[in-house]
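Working notes for the structure below.
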Amino acid sequence: MKQLLLIGGPMGVGKTQVCQCLQKRLQPSVYLDGDWCWNLNPFRVTEETKALVLDNIGTLLGRFLRCSEVEYVIFGWVMHRQEIVDEICARLPLDGVEVHAFSLLAAPAVLEERLRRDIRAGKRQEDVIGRSLAYLPLYRDMDTIPVWTDGKGVEEVAAEIEMDLKRIRDRK
């Protein structure tokens, strides 16, 4: 049975690195970052661009799920509201697919420090801190498995997700 892993979390929590690590650990796999489907310049959030991005995500994930060479489809994106996860899943061919949704989380001070490091390195702009911290409490209301990243390395977080998958499979 195919496995779809939805990895959400606020900006700066470590989704990209964790997803890349999971792609190496879980094989055969593919990883799609939702930001790749929204790489517009200038970046504009409109009804038209939101629809475009969801179409792009649905098309790519659907094609990966139908590919016989792929067992694990890993998708990372902010996904800070349940309706985003539901909208994505509604667009996908999920027969024969187990969907596992995770939210990567960190304490506000930890998240802010990670973002400040990225800002100093020129990877992000200062305004990301307020947006990311505002998104953090929204994950409490979601139907996802929370994974706290505080004090953990990328490998440790990926291993925790892998163990959660194993526990879920063992219960079935």
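Residue indices begin at 1 and follow the sequence shown.
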Practice prompt. Walk me through it: do L104 and I161 pass the test side-chain contact (heavy atoms from CB on, under 4.5 Å)?
Written response: CA-CA 10 Å; L104 301 187; I161 291 171; 4.0 Å; yes
Fill in: For G151 against R114, the heavy-atom pair lying closest together
N-NH2, 4.5 Å
Worksheet entry | From F64 atom CZ to L4 atom CG, the distance as rounded to the nearest 0.5 Å | 11.5 Å
Discussion item. Under a 4.0 Å threshold between the charged nitrogen and the carboxylate oxygen, would E160 count as salt-bridged to R167?
Written reply: no
Worksheet item: Can you tell me if CD on E48 sees more than 12 non-hydrogen neighbours from other groups inside 6.0 Å?
Response: no
Worksheet item: Does any N or O in the side chain of E69 come within less than 3.5 Å of the main-chain N or O of P28, such that one atom is a donor and the other an acceptor?
Response: no
Worksheet item: For the side chain of T49 and the backbone of R44, is there at least one donor-acceptor N/O pair under 3.5 Å apart?
Response: yes
Discussion item. Does any part of the side chain of T16, heavy atoms only, come nearer than 4.5 Å to the side chain of D35, both counted from C-beta?
Written reply: no
Worksheet entry | Atom pair CD/CG of E126 and L115 - distance to nearest 0.5 Å | 9.5 Å
Worksheet item: Are side-chain heavy atoms of D164 and H100 found at a separation under 4.5 Å?
Response: no
Worksheet entry | Carboxylate-amine/guanidinium proximity below 4.0 Å for K50 and E47 | yes
Practice prompt. Ignoring hydrogens and angles, tell me if any N or O in the side chain of K15 forms a donor-acceptor pair with the backbone of G76 under 3.5 Å.
Written response: no
Discussion item. For S29 and L5: C-alpha separation, side-chain torsions, deciding distance, then whether side-chain contact (heavy atoms from CB on, under 4.5 Å) applies.
Written reply: CA-CA 10 Å; S29 63; L5 282 70; over 6 Å; no
Worksheet item: Do the non-hydrogen side-chain atoms of I7 and L22 ever get within less than 4.5 Å of each other?
Response: yes
Practice prompt. Could you tell me the separation between the CD1 atom of I84 and the CD atom of E87, rounded to the nearest 0.5 Å?
Written response: 9.5 Å
Worksheet item: side-chain contact (heavy atoms from CB on, under 4.5 Å) between M1 and E71: does it pass, once the steps are laid out?
Response: CA-CA 7 Å; M1 180 160 287; E71 181 180 344; over 6 Å; no
Worksheet item: Do any N or O atoms from the side chain of S132 and from the backbone of P10 form a donor-acceptor pair under 3.5 angstrom?
Response: no
Worksheet item: Would a 4.5 Å heavy-atom cut-off, applied to side chains only, mark T59 and C37 as touching?
Response: no
Discussion item. Between V147 and V110, is there shared hydrophobic-cluster membership here, with clusters defined by ILVMFWY side-chain heavy atoms closer than 4.5 Å?
Written reply: no
Practice prompt. Please check if V128 and F43 belong to a single hydrophobic cluster, counting links between Ile, Leu, Val, Met, Phe, Trp and Tyr side chain heavy atoms closer than 4.5 Å.
Written response: yes
Item to complete: Before giving the answer on side-chain contact (heavy atoms from CB on, under 4.5 Å), spell out for I88 and M79 the whole-Å C-alpha distance, their side-chain angles and the decisive distance to 0.1 Å.
Response: CA-CA 10 Å; I88 290 168; M79 294 184 285; 4.0 Å; yes
Item to complete: For atom CD of Q20, decide whether the heavy atoms of other residues, nucleotides or ligands shown that lie under 6.0 angstrom number more than 12.
Response: yes
Item to complete: Could you grab the distance from atom CG of D170 to atom CG of L165, nearest 0.5 Å is fine?
Response: 11.0 Å
Practice prompt. Assign the ring pair W38 / W77 to parallel, tilted or perpendicular, where the plane angle (0 to 90°) is split at 30° and 60°.
Written response: tilted
Worksheet item: Cluster question for you: counting only ILVMFWY and a side-chain heavy-atom cut-off of under 4.5 Å, with indirect links fine, are I57 and V45 together?
Response: yes
Item to complete: Could you tell me whether R25 atom CZ has more than 12 heavy atoms of other residues or ligands within 6.0 Å of it?
Response: yes
Item to complete: Please check if the side chain of K152 supplies one atom and the backbone of A158 the other of a donor-acceptor pair under 3.5 Å.
Response: no
Discussion item. Quick check on D127: does its CG atom have over 12 non-hydrogen neighbours (other residues, nucleotides or ligands) under 6.0 Å away?
Written reply: yes
Worksheet entry | D55 vs R91 side-chain heavy atoms within contact, under 4.5 Å | yes
Discussion item. Test of understanding: clusters of I, L, V, M, F, W, Y form through side-chain heavy atoms closer than 4.5 Å, transitively. Do L105 and V154 belong to the same one?
Written reply: yes
Worksheet item: Is there a donor-acceptor contact under 3.5 Å from the side chain of D150 to the main chain of A107?
Response: yes
